[in-house]
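Throughout, protein chains are lettered first and strands after them, A, B, ... in sequence-line order, and every chain is numbered starting at 1.
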Amino acid sequence: MNQADPKPSLNFIEAIIEEDLRNNKNESRIHTRFPPEPNGYLHIGHAKSICLNFGLAEKYKGMCNLRFDDTNPTKEEEEYVESIIEDISWLGFDWEGRLFYASDYFDQLYEWAEKLISDGKAYVDELTSAEISEQRGTVTKAGEESPFRDRAVEENLELFRAMRDGKFKEGEKVLRAKIDMSSPNMHMRDPVIYRVLHESHQRTGDKWCVYPMYDFAHGQSDYFEGITHSICTLEFEIHRPLYDWFLDNLIDTKYRPRQIEFARLNISYTVMSKRKLLELVEEGLVNGWDDPRLPTISGLRRRGYTPEAIRNFADRVGVAKRDNVIDVALLEHSLREDLNVKAPRVMAVLNPLKVVITNYPEDKEEELPAENNPEDESMGSRMIPFSREIYIEKEDFMEDPPKKFFRLAPGKEVRLKNAYIINCESVVKNPDTGEITELHCTYDPETKSGMPNSAKKVKGTLHWVSAQHAIDAEVRLYDRLFLDEDPAGKKDGSDFKDYLNPDSLKILNNCKLEPDYAAAKAGDHFQFQRIGYFVVDTVDSVEGKPVFNRTVPLRDSWARKNK
RNA sequence: UGUCCGAUAGUGUAACUGGCAACACGUCUGACUCUGAAUCAGAAGACUCCAGGUUCGAACCCUGGUCGGACAACCA
């Protein structure tokens with residue numbers, strides 16, 4: 001093996017870029033863009049594309065623009081523009097002021113449409129959309145030409161201007177590129193490039209009543225912005241000949257953008273299409289676009305994901321052209337990896353069971369030191385109150401435990417984290433229901449954490465809170481939204497919503513927390529020791545009364561073994 | 001029954017472009033542990049879709065097939 005730096009492997013897009021750089025293509029500029037349509041919220045699939053586009057620009061000392069593809073005023077809204085801007089910024093990317101809209105180019109695009117007409121390469125059609133669809137043919141059968149295909153240039157120009165001037169109703173006339181009705185590629189069969197829409201546009205108002213189609217806007221917008229590598233998902237692959245056709249017929253420069261397609265991200269146990277996400281939101285199956293169970297950026301943020309975790313994840317999933325489904329465990333791994341070093345540790349009891357330490361003085365209380373993060377000494381420590389009555393987790397006690405149960409059971413002893421070793425003496429039950437209501441234990445004062453005699457080994461360590469000091473908190477336990485690995489991929493006719501997990505959200509109202517954390521601020525991350533990572537909800541928390549969302553549970557080899 | 005794209009451990013991505021199939025996640029062992037977490041050490045797991053061909057040598061090149069995906073909005 002040569003110890004000289006092993007060539008870092010490139011994904012296929014980086015390979016293309018490096019090849020272009022070697023050939024001094026486009027004067028060795030690298031300029032990408034992220035082009036969302038403002039008709040929905042961004043999801044983690046978009047995050048992959050954002051990381052790719054901005055990441056490439058960064059890696060190759062280029063630039064990356066943000067451009068809203070707003071060519072359809074009937075679907076797009078300002079609310080979406082704002083959320084998209086917020087999400088990209090939150091992920092940590094900067095378009096350095098290069099925020100554009102396809103609508104910025106409507107004048108130029110209109111002129112180019114006239115140019116195409118003048119060159120005899122576009123015509124005004126007056127067939128209905130049903131008729132156009134019918135004569136387009138099928139994937140295996142050539143289409144037929146429209147009777148309006150061979151109008152004179154002057155007539156076309158006149159008609160197109162009349163379209164622009166509002167002389168026609170929607171659907172009455174369209175502008176079509178004159179390409180090839182027998183092309184094996186449906187997109188080349190005289191595609192519609194301009195349509196009449198008597199709709200006010202979020203940005204251009206009532207200036208226009210004709211709007212360009214995606215294909216007539218996208219490549220040209222790339223060209224106007226000097227984009228060199230126009231990266232999009234696989235479904236646009238079949239559009240590429242059209243992308244190139246417009247450039248071939250409209251520009252005459254050495255510089256030219258190139259469209260490159262990669263496979264979109266899919267993740268197990270969720271859905272990743274705007275349409276399906278919209279359906280869940282609109283039908284009230286989740287609580288809005290930022291529901292913590294959704295793979296939207298805003299949902300993940302509210303769930304407690306960090307930008308770093310998402311970016312690391314995006315790096316790890318790779319970039320290629322084959323369809324893929326990423327194991328959600330990889331996402332969760334990236335998250336835990338980041339939170340492990342960042343999140344302060346806290347003791348919180350989700351399902352409290354009272355423990356009375358019978359030999360601990362009734363009026364005594366002490367403050368015990370606890371480190372905030374064993375992974376990072378600089379995060380310091382805090383003092384936590386201890387007293388005669390504490391709460392432990394219900395599931396940390398079993399009356400009749402299996403052999404390898406390292407927790408509390410009658411006659412067994414455990415370490416209370418940061419405190420003493422206790423021994424379980426007796427169990428108090430509700431005489432009517434048989435339910436365990438209380439445990440009576442004794443403690444050994446010599447085993448206090450940090451003391452010389454504290455080194456005694458016990459198998460288990462439990463988290464706990466002092467009953468009289470603990471604060472109550474609401475905790476929301478989020479789980480995966482779907483029970484099936486691939487809810488949208490079924491061929492048996494079932495709907496993705498058939499696989500919704502009925503237990504994707506469990507609300508716990510009687511959780512006990514260390515007293516200091518009443519002051520936790522919205523968005524603060526914590527690790528509830530032995531349980532998982534939690535974040536203070538940004539929507540429903542109120543001053544002094546935080547609501548905690550479970551971001552992700554800790555890995556749990558005990559639970560795994562017992563499955 | 002058209003065109004385009006794709007196929008490498010369970011999942012995802014590599015393989016210096018023809019030279020010992022590697023990395024990550026996951027799984028399983030073990031060590032350590034005042035978090036059954038983290039960390040550390042190790043293991044299992046791949047006829048590289050199939051069949052031919054070229055070559056000293058093929059995951060990679062060629063031929064043929066199989067399987068999967070995309071495409072017939074006045075959506076993007």
Using Watson-Crick and G-U wobble pairs with both distances under 3.5 Å, what is the 5'-to-3' dot-bracket string of RNA chain B, with [ ] for crossing pairs and | for pairs outside the strand?
.((((((..((((.....[..)))).(((((.......))))).....(((((..]....))))))))))).....

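Between Phe534(A) atom CZ and U35(B) atom P there is a gap of 18 Å when expressed in whole angstrom units. We find that OH of Tyr420(A) is positioned 18 Å from P of C34(B), with the value rounded to whole Å. In this structure, Glu19(A) atom CD and U17(B) atom C1' are separated by 12 Å, rounded to whole Å. The distance between atom CG of Asp244(A) and atom C1' of C4(B), rounded to the nearest whole Å, is 14 Å. G69(B) atom P lies 13 Å from atom NZ of Lys490(A), rounded to whole Å. In this structure, Asp486(A) atom CG and U11(B) atom C1' are separated by 13 Å, rounded to whole Å. Leu234(A) has its CG atom 11 Å from the P atom of A7(B), to the nearest Å. Regarding Asn266(A), its CG atom lies at a distance of 14 Å from the C1' atom of G68(B), rounded to whole Å.
Note on Arg407(A): a base of the nucleic acid sits closer than 4.0 angstrom, heavy atoms only. Base contact: Phe405(A) has a heavy atom under 4.0 Å from a base atom. At a threshold of 4.0 angstrom between heavy atoms, the contacts of Val341(A) with the nucleic acid are absent. Nucleic acid contact for Gly40(A): none, since no nucleic acid atom lies under 4.0 Å from a heavy atom of the residue.
Straight-line distance between the P atoms of G6(B) and C60(B): roughly 15 Å, to the nearest whole Å. As rounded to the nearest Å, C56(B) and A51(B) have P atoms that lie 23 Å from one another. Distance check on atom C1': C16(B) versus A21(B) gives 14 Å, rounded to whole Å. For the P atoms, the distance linking G65(B) with U3(B) amounts to 12 Å, nearest Å. To the nearest whole angstrom, the two P atoms, one in A24(B) and one in A43(B), are 13 Å apart. Taking atom C1' in both C20(B) and A58(B), one finds a spacing of 14 Å when rounded to whole Å. Distance noted for atom C1' between A46(B) and U13(B): 15 Å (whole Å). Between the P atoms of G18(B) and G30(B), the separation comes to 46 Å (whole Å).
Heavy-atom nearest nucleotides on RNA chain B were determined for Val319(A) and for Ala559(A), and the one closer to the 5' end corresponds to Val319(A). Each of Ala15(A) and Thr461(A) lies near RNA chain B, and the nucleotide nearest Ala15(A) is the one positioned closer to the 5' end.
With sequence neighbours excluded, the residues that form a side chain to side chain contact (heavy atoms under 4.5 Å, CB included) with Lys321(A) are Phe12(A), Leu234(A), Glu237(A), Glu261(A). Arg189(A) is linked by a side chain to side chain donor-acceptor pair (under 3.5 Å) to nothing, counting only residues two or more places apart in sequence or in another chain. Qualifying salt bridge (Lys or Arg N to Asp or Glu O under 4.0 Å) partners for Glu446(A), counting only residues two or more places apart in sequence or in other chains: none. Take Glu332(A) and apply the side chain to side chain donor-acceptor pair (under 3.5 Å) test, not counting sequence neighbours, and it matches no residue. A search for salt bridge (Lys or Arg N to Asp or Glu O under 4.0 Å) contacts involving Glu199(A) returns nothing, not counting sequence neighbours. Every residue two or more places apart in sequence or in another chain was checked for a salt bridge (Lys or Arg N to Asp or Glu O under 4.0 Å) with Glu393(A), and none qualifies. Residues passing the salt bridge (Lys or Arg N to Asp or Glu O under 4.0 Å) test with Asp327(A): none are found, sequence neighbours excluded. For Glu19(A), the side chain to side chain donor-acceptor pair (under 3.5 Å) partners are Arg22(A), Asn23(A), not counting sequence neighbours. Legend: residues meeting side chain to side chain donor-acceptor pair (under 3.5 Å) with Asp104(A), ordered by chain and number and at least two apart, are absent.
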So which protein N/O to nucleotides 71-76 of chain B N/O distances come out below 3.5 Å?
{"from": "C71(B)", "atom 1": "O2'", "to": "His187(A)", "atom 2": "NE2", "distance (Å)": "3.3"}
{"from": "C74(B)", "atom 1": "OP2", "to": "Arg136(A)", "atom 2": "NH2", "distance (Å)": "2.9"}
{"from": "C74(B)", "atom 1": "N4", "to": "Leu127(A)", "atom 2": "O", "distance (Å)": "3.2"}
{"from": "C74(B)", "atom 1": "N4", "to": "Ser129(A)", "atom 2": "N", "distance (Å)": "3.2"}
{"from": "C74(B)", "atom 1": "N4", "to": "Gly171(A)", "atom 2": "O", "distance (Å)": "2.8"}
{"from": "C75(B)", "atom 1": "OP2", "to": "Arg195(A)", "atom 2": "NE", "distance (Å)": "3.1"}
{"from": "C75(B)", "atom 1": "OP2", "to": "Arg195(A)", "atom 2": "NH2", "distance (Å)": "2.7"}
{"from": "C75(B)", "atom 1": "O3'", "to": "Arg195(A)", "atom 2": "NH2", "distance (Å)": "3.3"}
{"from": "C75(B)", "atom 1": "O2'", "to": "Asn72(A)", "atom 2": "ND2", "distance (Å)": "3.2"}
{"from": "C75(B)", "atom 1": "O2'", "to": "Lys75(A)", "atom 2": "NZ", "distance (Å)": "3.4"}
{"from": "A76(B)", "atom 1": "OP1", "to": "Thr71(A)", "atom 2": "OG1", "distance (Å)": "2.6"}
{"from": "A76(B)", "atom 1": "OP1", "to": "Arg195(A)", "atom 2": "NH1", "distance (Å)": "3.4"}
{"from": "A76(B)", "atom 1": "OP1", "to": "Arg195(A)", "atom 2": "NH2", "distance (Å)": "3.0"}
{"from": "A76(B)", "atom 1": "OP2", "to": "Tyr214(A)", "atom 2": "N", "distance (Å)": "2.9"}
{"from": "A76(B)", "atom 1": "O4'", "to": "Glu37(A)", "atom 2": "OE1", "distance (Å)": "3.3"}
{"from": "A76(B)", "atom 1": "O3'", "to": "Asp69(A)", "atom 2": "OD2", "distance (Å)": "3.4"}
{"from": "A76(B)", "atom 1": "N6", "to": "His239(A)", "atom 2": "NE2", "distance (Å)": "3.0"}

For nucleotides 37-43 of chain B, print each protein N/O atom paired with a nucleotide N/O atom at under 3.5 Å, atom names and distance only.
{"from": "A37(B)", "atom 1": "OP1", "to": "Ser557(A)", "atom 2": "OG", "distance (Å)": "3.0"}
{"from": "A38(B)", "atom 1": "OP1", "to": "Arg555(A)", "atom 2": "NE", "distance (Å)": "3.4"}
{"from": "A38(B)", "atom 1": "O2'", "to": "Asn340(A)", "atom 2": "ND2", "distance (Å)": "3.0"}
{"from": "A38(B)", "atom 1": "O2'", "to": "Glu375(A)", "atom 2": "OE2", "distance (Å)": "2.9"}

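A pairwise comparison of heavy atoms in His525(A) and Gly304(A) identifies CE1-O, 3.0 Å as the closest pair.
The side chain of Lys404(A) places no N or O atom within less than 4.0 Å of a non-bridging phosphate oxygen (OP1 or OP2) of G36(B).
Enclosure of atom CD in Glu235(A) by more than 12 non-hydrogen atoms of other residues, nucleotides or ligands within 6.0 angstrom is indicated.
Glycosidic conformation of A73(B) is syn; the angle stays within 90° of 0. Base orientation of U11(B): anti, since the glycosidic angle falls outside 90° of 0.
There is a side-chain donor-acceptor pair under 3.5 Å between Asn72(A) and Thr74(A). Side-chain contact annotation: Tyr443(A) with Asn423(A), donor-acceptor N/O pair under 3.5 Å absent.
Checking U35(B), G10(B), G69(B) against the side-chain heavy atoms of Asp327(A) singles out G10(B) as nearest.
On a pure distance criterion of 3.5 Å, a polar donor-acceptor pair joins the side chain of Arg322(A) and the base of U8(B).
In this structure a side-chain-to-backbone donor-acceptor pair under 3.5 Å is present from Arg195(A) to Pro212(A).
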